[in-house]
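What follows is a short report on a single structure.
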Amino acid sequence: MIIVVSGPGGVGKSTVVAELLRRHPEIRRSISATTRAPRPGERDGVDYFFVPEQQFTDWIDKGRFAEYAVIRGHYYGTLKSTLDAVSPVDSVVLTIDVQGASSIKLLYLEAVMIFLKPPDVKELEHRLEGRGSETPDEIAERIRLGQYEMTFAKDYDYMITNRDINATVDIIDVIIRGISRR
Ligand code: 5GP
């Protein structure tokens, strides 16, 4: 099963996915390639495959990506090899943006598409402003991107308001179990 999780930045995608993986050791996390620099604590081959732009574009030319997108000036992409290994008993979860998610749905009709919504968009925007690590322009750009991402929510199979991590993962559990039983 291919599970795609998207949502605006700051909604809690990575925390939700971490809890999903903790509960389901049989689910793998797709490791994307990216040209952005690693953040402190991030490891190559664990969090992402951190690659130079030249290598990324070479992989695009060679058709190695199932999807890729440019997000805030950096390339991000899911390698086909990551998805080729998926069987009914071996699930993979992709935490990717809305553009990448729509490409995945076109290629893999059976992909389960989940969109995480914040309980309160305005509150999320205030939280981004409060981080203090970015310039006002960068914050404005993040907020714009979040608003753009929200317009894609309707295209997903499931939309979950992430009020509480455990409750959100409980819902994803129900979705996955329902599909596995089909
Ligand atoms: P970050 O730089 O904060 O790790 O991720 C920025 C955005 O890129 C997030 O919305 C994340 O979901 C998205 N992203 C991460 N990997 C991929 C990928 O392989 N493909 C696409 N399309 N988006 C990705």
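For ligands, and for the atoms within them, numbers begin at 1 and follow the listed sequence.
In this structure, NE2 on His24 lies 9.5 Å from CD on Glu19, to the nearest 0.5 angstrom.
Residue Ile71 touches ligand 1 through its side chain alone, judged by heavy-atom distances below 4.0 Å. Under 4.0 Å from ligand 1, the heavy atoms of Arg39 that appear belong solely to its side chain. Residue Glu67 touches ligand 1 through its side chain alone, judged by heavy-atom distances below 4.0 Å.
Taking every heavy atom of Ala69 and a limit of under 4.0 angstrom, the matching atoms of ligand 1 come to 22 (N). Each of the following atoms of ligand 1 lies closer than 4.0 Å to a heavy atom of Thr95: 11 (C), 12 (O), 14 (N), 15 (C), 16 (N). Atoms of ligand 1 lying under 4.0 Å from at least one heavy atom of Thr78, given by number and element, are 19 (O). With ligand atoms numbered from 1 in the order given, ligand 1 contributes 9 (C), 10 (O), 12 (O) to contacts under 4.0 Å with heavy atoms of Lys13. Near Gly100, meaning under 4.0 Å from one of its heavy atoms, ligand 1 places the atoms 22 (N). Within the listing of ligand 1, atoms 1 (P), 2 (O), 4 (O) sit less than 4.0 angstrom from a heavy atom of Arg36. Every atom of ligand 1 with a heavy atom of Asp97 under 4.0 Å away is listed here by number and element: 12 (O), 13 (C), 21 (C), 22 (N), 23 (N), 24 (C).
More than 12 non-hydrogen atoms from other residues, nucleotides or ligands lie less than 6.0 angstrom from NZ of Lys13.
In this structure, a donor-acceptor pair under 3.5 Å is absent between the side chains of Gln99 and Glu67. Judged purely by distance below 3.5 Å, without hydrogens or angles, the side chains of Tyr68 and Thr78 never pair a donor atom with an acceptor atom.
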(request) Would you sort out whether Asp97 and Arg72 count as a salt bridge (charged side-chain N to carboxylate O under 4.0 Å, His left out), showing the intermediate values? (result) CA-CA 11 Å; Asp97 90 309; Arg72 298 162 76 225; over 6 Å; no
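Among all protein heavy atoms, the one lying closest to atom 5 (O) of ligand 1 is Tyr48 OH, 3.4 Å. Annotation: atom 6 (C) of ligand 1 to nearest protein heavy atom, Tyr76 OH, 3.7 Å. With respect to atom 19 (O) of ligand 1, the closest heavy atom belonging to the protein is Ser32 OG, 2.6 Å.
Heavy-atom proximity to atom 18 (C) of ligand 1, evaluated over Leu94, Ile96, Val11, Thr34, is greatest for Ile96.
Considering Tyr75, Tyr48, Phe50, Tyr76 in turn, Tyr75 is the only one that fulfils the ring-ring contact (aromatic ring centres under 6.0 Å, His included) rule with Phe56. Applying side chain to side chain contact (heavy atoms under 4.5 Å, CB included) to Val16 and the options Val11, Ile114, Leu116 leaves one that passes, Leu116.
Residue contacts with ligand 1 do not include Gly9, since none of its heavy atoms lies under 4.0 Å from the ligand.
Here Arg142 does not pair with Asp137 in a salt bridge; the nearest charged N to carboxylate O distance is not below 4.0 Å. Glu42 and Arg36 are joined by a salt bridge, as a carboxylate oxygen and a charged side-chain nitrogen come within less than 4.0 angstrom of each other.
The shortest non-hydrogen separation linking Gly45 to Ile31 is O-CD1, 3.2 Å.
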